Amino acid sequence: MIQIQSLGKQFQNETQITYRDMIFETGRSYMLLGASGCGKSTLLNMIAGVLSPTTGTILIDGKDMTAASQKVKDRFRIEKIGYIFQDFKLINEMTVADNIGILRLEGIDISGMDEMLEALDIFEKKDAKIKHLSGGQKQRVAIARALVKRPDIILADEPTGNLNFAIGEQVIRQLVEVSKGKTLIAVTHDDRLAKYFDEVIDMNEMTSGMQDVPSGKEDC
Amino acid sequence: MLKFALKNMAIKKMQVILITLSIVISAGIAVLAFNVATQVDEGITNNAGYYSAIVGPAGSSTQLAMNSMYFTDEPVGTVPYSIVTTLQQDSRVTQVIPFAMADNYNGYGVVGTTPAFLQSKDLRVGEMFAADETLQAVVGSNIAKYNSLEVGDVIYTSHSANGSDLHTKGITIVGILKESHSSYDNIVFTQLKTLWEMHEHGEQEENSAEEHHHTHGTVCAVLVNTKTPGFAMQLVEEYDGKIITADDGDNTTLQAIEPMSVVRDVLNDADDTKYIVFVLCAVILVMNIMIISIITLLNMYHSAKEISLMRLIGISMKRINLLYVIQNGIMGLCAVILAFFVSRGCMVLMNDYVESMGVVLNMSKVYAAEFLILLAVFIISVLPTVIWTFSMSKKDGITD
């Protein structure tokens, strides 16, 4: 269970976002909807330990992660969190297998890689370089890398942001399928995908203050 | 980790090759310069200290020393053999070795002397030529190797450098010297009388005028050892500039030198050159260090995206540091190993030039300082990465 309590984040440009208290139950899937700059991606980054909140606490299974050291946060992220980034965060010159194999640097077991790639219909591209894949295929690789380590929490930041609706819907369907039994929090703009999630949270109602979002960027 | 580092290097192979080549060039030059300069220095010094004085005809003192000790250049001229007899009777003198150089065998010089000249050299096979015989020779190891010569073989020396004017009398090889990586490896040693005998024959030939330097009863130099260094100085003072009259009535002006001081002068000149080479190498090395550092830092700058990506998925800075240190360590290690072999390859190319100074470069000779140079280059090739990743760790590139 993830508990958000009195959480706030102030950025260097003085923009501040304050979050209402929230609870994400274990084993349920959540879709975060909201306008650009409302703080959806910032919330995911703070849960993942990539960003530190300015105020408040994030309790994960009762443990205050905001007070933990960066080393503990890193360890927690690599072991317990599967983070799917909007822009994939893959190394283009490396193969699908090598991009997932990066996790072995931290001793993560990736023995389920083939099974995961098959579940995501991308197994035949295992030895292909990322630069030769389509956007949809890259997104599936990013999902595979996030889920292969069997994380307890899956964070997905605009997982369909770079895909057309048909492919995006297929990716979300697969993501929800492979995430069953885990906590899934996905940020998206597309409310047509809401039917695949247990709960939809309108972040416009859960936050106050807005981030400046550069033109063309949708990740708030 | 190693597997991933190798894969990561493979995707940047052109960059890796360029950095490695840059390190190979700088380290190779530094090691080569040090090794060659040291071997030349040692080779020249080892030979020079052996004799107290050298007496020969007036002319260039350097030429006299270099010819009689390192067999380089032409002899300055000849002096009557009576000088040898006179010196042998001198109570201050412990050893007198006549030295004459004439003719060649397939381009290798032929030296006429006594067995005492080779007393510090070991024979690989056979025995020393007999002092009271003629037409016997001991050959250097390179001559035996490259001409497939064995003890008992008969060789024919020649007046001319192109080997077209062969003497009719053959010289029997009685011994082969052990390889010494010096100019002794490339010389045929025989009795003085053998040379005289050849040239009595030579004088009967039509072109005997070319051989006037080596007529019967003359030598090119006399190598002398004295009881004390003071006696050597006295001899040099006495014989230097002295005019003697030979049996045929010809006057000959002598020069006498202390070989160590002559060689010291040569080495001083060579040292200046050596220091210039070292300074140039140092400049090249510093420039290369800067280039290596800049390339490595640019490499790391370009890797910042990769590092940031790894940080986002949870790879710790400690692991990332290790990954890049391994990558640069592999490059640095390959580069210094290659640099070592490149320097040895260059020594093969330089050997002909260095042989003219009487020194044969030994490829297998390795100095501890060479390893220090290579170690320094290795550290320099890894250091920028360590500094970069360390500073990245301090900043922790992912937050805010």
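Each chain gets a letter, A, B and so on, in the order the sequences are listed, and its residues count up from 1. Because the structure is a prediction, the values reported are computed rather than measured.
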Do the side chain of B/Asp185 and the main chain of B/Asn142 share a donor and acceptor less than 3.5 angstrom apart? no
For A/Ala48, does its backbone N or O pair with a side-chain atom of A/Arg77 as donor and acceptor, under 3.5 Å? yes
Which atoms of [X] are under 4.5 Å from chain B, going by heavy atoms: the side chain, the backbone, both sets, or neither?
X: A/Phe76; value: neither
X: A/Ile81; value: neither
X: A/Lys149; value: side chain
X: A/Arg145; value: side chain

Can you tell which of A/Ile153, A/Ile84, A/Leu175 makes a side chain to side chain contact (heavy atoms under 4.5 Å, CB included) with A/Leu184? A/Leu175
What option among B/Leu323, B/Ile315, B/Asn8 has the most heavy-atom pairs under 4.5 Å with chain A? B/Ile315
Given A/Thr95, A/Ile102, A/Ile91, the one with more heavy-atom pairs under 4.5 angstrom with chain B than any other is A/Ile102
Pick from A/Glu93, A/Glu106, A/Lys129 with the largest number of heavy-atom pairs that fall under 4.5 Å of chain B: A/Glu106
How long is the span from the CE atom in A/Met65 to the OG1 atom in A/Thr57, to the nearest 0.5 Å? 12.0 Å
Residues in ring-ring contact (aromatic ring centres under 6.0 Å, His included) contact with A/Phe24, at least two apart in sequence or another chain: A/Tyr30
Are side-chain N/O atoms of A/Gln5 and A/Tyr19 paired as donor and acceptor at under 3.5 Å? no
